[in-house]
Student: 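For reference, the structure I am asking about is given below.
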Amino acid sequence: MSQLTAADLEHAIRNVPDFPRPGIQFKDITPVLADARLFAASVDLLTTGFAPGSVDAVVGIDARGFIFAAAAALKLQAGFVPVRKQGKLPFQTIEQSYELEYGSNTVAVHVDAVKPGARVLLIDDLLATGGTAWAAATLLKRLGAEVMAVSFLIELAFLKGRARLGEHTVRSLVVY
Ligand code: AMP
């Protein structure tokens, strides 16, 4: 287990103003990934309280969630499952749409990605309005899985995403 803390992660996260659009402060996690100790610490902290074998799958959200979820899956001796943007997965899928400020988005998962009753940990890099994670968690529930927790590296608390995930155990490491 690493000695590094969430404060060390916070120092490494880079703010990129006006990306990808004016007015957005993009939280760039690539400096965390590029540092072996910080990357390991982020995975340790995202999986705190979960022993190896305690979940059947770690589910990652397209695209940066894949990076942390895949590493967490290896650590927890669990499978890895991708939730992807619509149209990216090759096999039969179920889909879930969610509302954005303007319009909507849709995410998808393979119909056989998890077995009914599977215990899953859902991971993404960042919680903003919570729509993406809500849709991913809803897909998992529709497949009969039990979402044990939803873990994020970063939470933008002013966007109130946690409220949208109401029924779930939500944890985040660095809160803005
Ligand atoms: P939301 O559905 O609003 O919670 O948005 C979360 C998704 O959008 C995550 O997959 C994030 O990777 C991405 N995202 C939203 N806002 C930001 C931001 N300021 N910086 C980096 N990624 C973001």
Side-chain angles (χ1 to χ4, degrees), residues 6-35 38-39 41-43 45-47 57-73 80-89 93-110 113-114 120-143 145 147-176:
D8 298 300
L9 299 177
E10 182 172 1
H11 289 134
I13 293 164
R14 179 162 53 195
N15 271 309
V16 183
D18 300 318
F19 183 87
R21 288 187 302 284
I24 307 272
Q25 278 258 19
F26 193 86
K27 301 294 184 195
D28 177 17
I29 49 88
T30 62
V32 173
L33 301 176
D35 182 308
L38 288 173
F39 186 23
S42 66
V43 174
L45 292 167
L46 284 165
T47 57
V58 182
V59 181
I61 301 179
D62 203 345
R64 288 176 296 278
F66 293 169
I67 301 163
F68 297 102
F80 166 75
V81 169
V83 167
R84 297 211 64 181
K85 292 172 184 128
Q86 188 179 34
K88 299 283 190 187
L89 286 168
T93 59
I94 58 167
E95 298 186 344
Q96 182 68 50
S97 298
Y98 58 98
E99 297 305 313
L100 301 171
E101 197 177 353
Y102 302 103
S104 68
N105 262 347
T106 302
V107 291
V109 71
H110 276 152
V114 292
V120 303
L121 170 62
L122 178 60
I123 293 182
D124 200 2
D125 68 326
L126 184 143
L127 173 62
T129 66
T132 315
W134 172 84
T138 301
L139 285 175
L140 295 166
K141 277 176 31 188
R142 285 171 55 193
L143 291 179
V147 180
M148 309 301 287
V150 192
S151 288
F152 302 91
L153 198 70
I154 301 165
E155 176 178 1
L156 303 183
F158 54 91
L159 294 175
K160 304 196 184 333
R162 195 174 273 269
R164 200 152 171 189
L165 293 173
E167 65 183 288
H168 296 289
T169 301
V170 176
R171 44 156 81 150
S172 58
L173 308 182
V174 177
V175 181
Y176 293 92

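Order of appearance sets the numbers: ligands from 1, and atoms from 1 within every ligand. Quick note: residue numbers are just sequence positions, from 1.
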Student: To the nearest 0.5 Å, what is the distance between CG (Leu139) and CZ (Arg84)?
Tutor: 14.0 Å
Student: Give, for atom OG of Ser151 and atom CG of Leu127, the distance between the pair rounded to the nearest 0.5 Å.
Tutor: 11.0 Å
Student: Can you tell me how far CD1 of Ile29 sits from CZ of Phe39, rounded to the nearest 0.5 angstrom?
Tutor: 8.5 Å
Student: Report yes if some heavy atom in the side chain of Trp134 is under 4.5 Å from a heavy atom in the side chain of Thr129; otherwise report no.
Tutor: no
Student: Does the N or O separation between Gln25 and ligand 1 drop below 3.5 Å for any pair?
Tutor: yes
Student: Would you say Ala128 and ligand 1 have an N/O pair spaced under 3.5 Å apart?
Tutor: yes
Student: Going by heavy atoms in the side chains, are Gln96 and Lys141 under 4.5 Å from each other?
Tutor: no
Student: Just to confirm my output: which protein heavy-atom neighbour is closest to atom 21 (C) of ligand 1, and how far is it?
Tutor: Phe26 CE1, 3.4 Å
Student: Considering only heavy atoms from C-beta outward, does the side chain of Pro82 approach that of Lys88 to under 4.5 Å?
Tutor: no
Student: Side chain to side chain donor-acceptor pair (under 3.5 Å) with Asn15: which residues, sequence neighbours excluded?
Tutor: Lys27
Student: Is Leu126 in polar range of ligand 1, meaning some N or O pair under 3.5 Å apart?
Tutor: no
Student: Find all atoms of ligand 1 within a distance of less than 4.0 Å from any non-hydrogen atom belonging to Asp124, and give their numbers and elements.
Tutor: 9 (C), 10 (O)
Student: Provide the number and element of each atom of ligand 1 under 4.0 Å from a heavy atom of Thr129.
Tutor: 1 (P), 2 (O), 3 (O), 4 (O)
Student: Is it the side chain (CB and beyond), the backbone, both or neither of Arg64 that lies under 4.0 Å from ligand 1, heavy atoms counted?
Tutor: side chain
Student: Any idea which atoms of ligand 1 are less than 4.0 Å away from a heavy-atom of Gly131?
Tutor: 2 (O), 4 (O)
Student: Is the closest heavy atom of Gly130 to ligand 1 under 4.0 Å?
Tutor: yes
Student: Can you find a non-hydrogen atom of Asp125 under 4.0 Å from ligand 1?
Tutor: yes
Student: May I ask you to test the Val83-Asp62 pair for a side-chain heavy-atom distance under 4.5 Å?
Tutor: no
Student: I need the atoms of ligand 1 closer than 4.0 Å to a non-hydrogen atom of Thr132, numbered in the order shown.
Tutor: 1 (P), 2 (O), 5 (O), 6 (C), 7 (C)
Student: Provide, to 0.1 Å, the distance between atom 20 (N) of ligand 1 and the closest protein heavy atom, together with that atom's residue and name.
Tutor: Lys27 N, 3.0 Å
Student: Please report whether atom 8 (O) of ligand 1 has a protein non-hydrogen atom at a separation of less than 4.0 Å.
Tutor: no
